[in-house]
Amino acid sequence: MSRSQEPPHRLFFPFGNPFRARTPKGSKLNSKLVFLLATFEDSLAEGLRKLTPKSENDILSFSWMALAMKLLCETHKDVKTLIEELELPVSDWDEKWLDEYLDISLKLLDICNDFSSELSQLNQGHLVLRCALHNLASTSSNQFVHARSSLDGWNQHISNRTSRVKSHSPILDRLKESLDLPKVQKNSAKGKVLMHVMYGVKVVTLFICSVLASAFAGSSVSLLSINIPDTYRWAQAFTELQKNVNSSGRSTVWRERDAVDESVKKLHSMIQGNVDGGMKGQEFQNLVVDLGREAEKLTQGVDHLTKQVDEFFHIVLSGRDALLSNLRESETVLDQGSGELRIRQL
């Protein structure tokens with residue numbers, strides 16, 4: 001792949017001596033390969049520890065999901081840098097693995113598009129909330145009639161929201177099956193390092209995508225449970241994270257949206273049957289302020305997560321483009337039938 005302009009990895013290891021790290025079974029790695037492998041795995045373990053929630057309230061909040069997507073972006077950037085440092089020619093990669101990668105990356109692009117669609121629907125709901133807040137602040141005689149209509153609009157928008165990620169269970173199952181991919185080269189130390197690293201990338205990608213899919217689609221997408229061999233330096237950090245997330249029992253709602261729903265219900269109940277006014281008390285004003293604050297938190301959370309999903313989409317897309325470009329350059333083969341050069345078609 002093309003040389004990255006990103007800064008090189010740091011030259012220290014907070015989780016121990018990399019040259020004592022357990023390496024892929026049956027491989028004989030030189031010090032450089034051990035160094036590259038340990039750098040990647042320590043970085044991944046550190047990111048997983050930061051993602052482990054301190055309390056159940058953090059799980060499935062937009063801020064937590066944005067942090068999860070950020071880790072996913074950083075992990076995919078790290079593996080791109082590692083591939084460059086391995087200097088492993090694309091021509092040495094197993095053809096089945098290449099085809100598998102292109103298939104999986106295409107599925108990830110589809111998942112990103114559907115996540116973006118879900119977030120876009122929530123943003124549309126924010127417009128309804130802004131209209132409700134505007135009506136609640138109005139001095140019009142029809143203030144509460146319009147406000148109640150807007151609050152009804154929010155409830156209808158949420159209840160009628162269509163989820164596109166409900167169809168992703170087969171895709172996530174397919175990604176889980178891909179955890180056992182063929183070797184790049186059976187006798188290649190570099191290839192074994194690459195496969196060792198790619199396993200970590202796939203596990204984290206599968207887990208985070210399944211968590212977000214569960215949040216968007218509810219019970220129709222169950223959270224995964226992946227057992228990680230202790231040969232990976234990040235195994236303990238991942239196991240702890242997975243245990244915390246899967247035991248939370250909150251797979252269908254988000255904290256920010258819950259808070260908005262609660263404020264909407266309280267206001268709707270207060271103005272129900274009192275559309276002629278007379279509700280200018282402090283309790284009513286406090287509820288209006290609460291709804292405005294929670295609506296703003298929801299919008300900021302959606303925007304932040306949307307940016308991270310978009311960034312991941314572009315990282316996956318640029319990786320596919322770079323790989324295909326290298327294949328076109330390096331995999332020109334001789335057509336035995338015509339004696340002419342042709343490019344292998346993927």
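- With hydrogens and angles disregarded, no donor-acceptor distance shorter than 3.5 Å links the side chain of H146 to the backbone of C131.
- Distance alone, capped at 3.5 Å, places no donor-acceptor pair between the E256 side chain and the G301 backbone.
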Working note: R293 + E296, criterion side-chain contact (heavy atoms from CB on, under 4.5 Å); need CA distance, chi angles, decisive distance, verdict. CA-CA 5 Å; R293 181 176 59 251; E296 184 61 26; 5.9 Å; no
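- R320 contributes a side-chain N or O that, together with a main-chain N or O of L102, makes up a donor-acceptor pair within less than 3.5 Å.
- At least one donor-acceptor pair closer than 3.5 Å links the side chain of N244 to the backbone N or O of E240.
- Between K32 and E85 the shortest heavy-atom distance is NZ-O, 3.5 Å.
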I'd like to know whether T205 forms a side-chain hydrogen bond (donor to acceptor under 3.5 Å, both in side chains) with H76, so could you lay out the CA-CA distance, the side-chain angles of the two residues, the decisive distance to 0.1 Å, and finally the verdict. CA-CA 9 Å; T205 301; H76 280 252; 2.9 Å; yes
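- Relative orientation of the F238 and F207 rings is perpendicular, given thresholds of 30° and 60° on the angle between their planes.
- Note: F115 and F216 have tilted aromatic rings, judged against thresholds of 30 and 60 degrees for the angle between ring planes.
- Remark: side-chain polar atoms of S269 are not paired, donor with acceptor, to backbone N or O of K266 under 3.5 angstrom.
- Around NZ of K70, the count of heavy atoms belonging to other residues, nucleotides or ligands within 6.0 Å does not exceed 12.
- Although no hydrogens or angles enter the test, the distance criterion places a donor-acceptor pair under 3.5 Å between the side chain of S116 and the main chain of C112.
- Electrostatic pairing of K50 and E46 counts as a salt bridge here, judged by a charged N lying under 4.0 Å from a carboxylate O.
- At least one donor-acceptor pair under 3.5 Å links the side chain of S318 to the backbone N or O of H314.
- The closest side-chain heavy-atom distance from D310 to T306 is below 4.5 Å.
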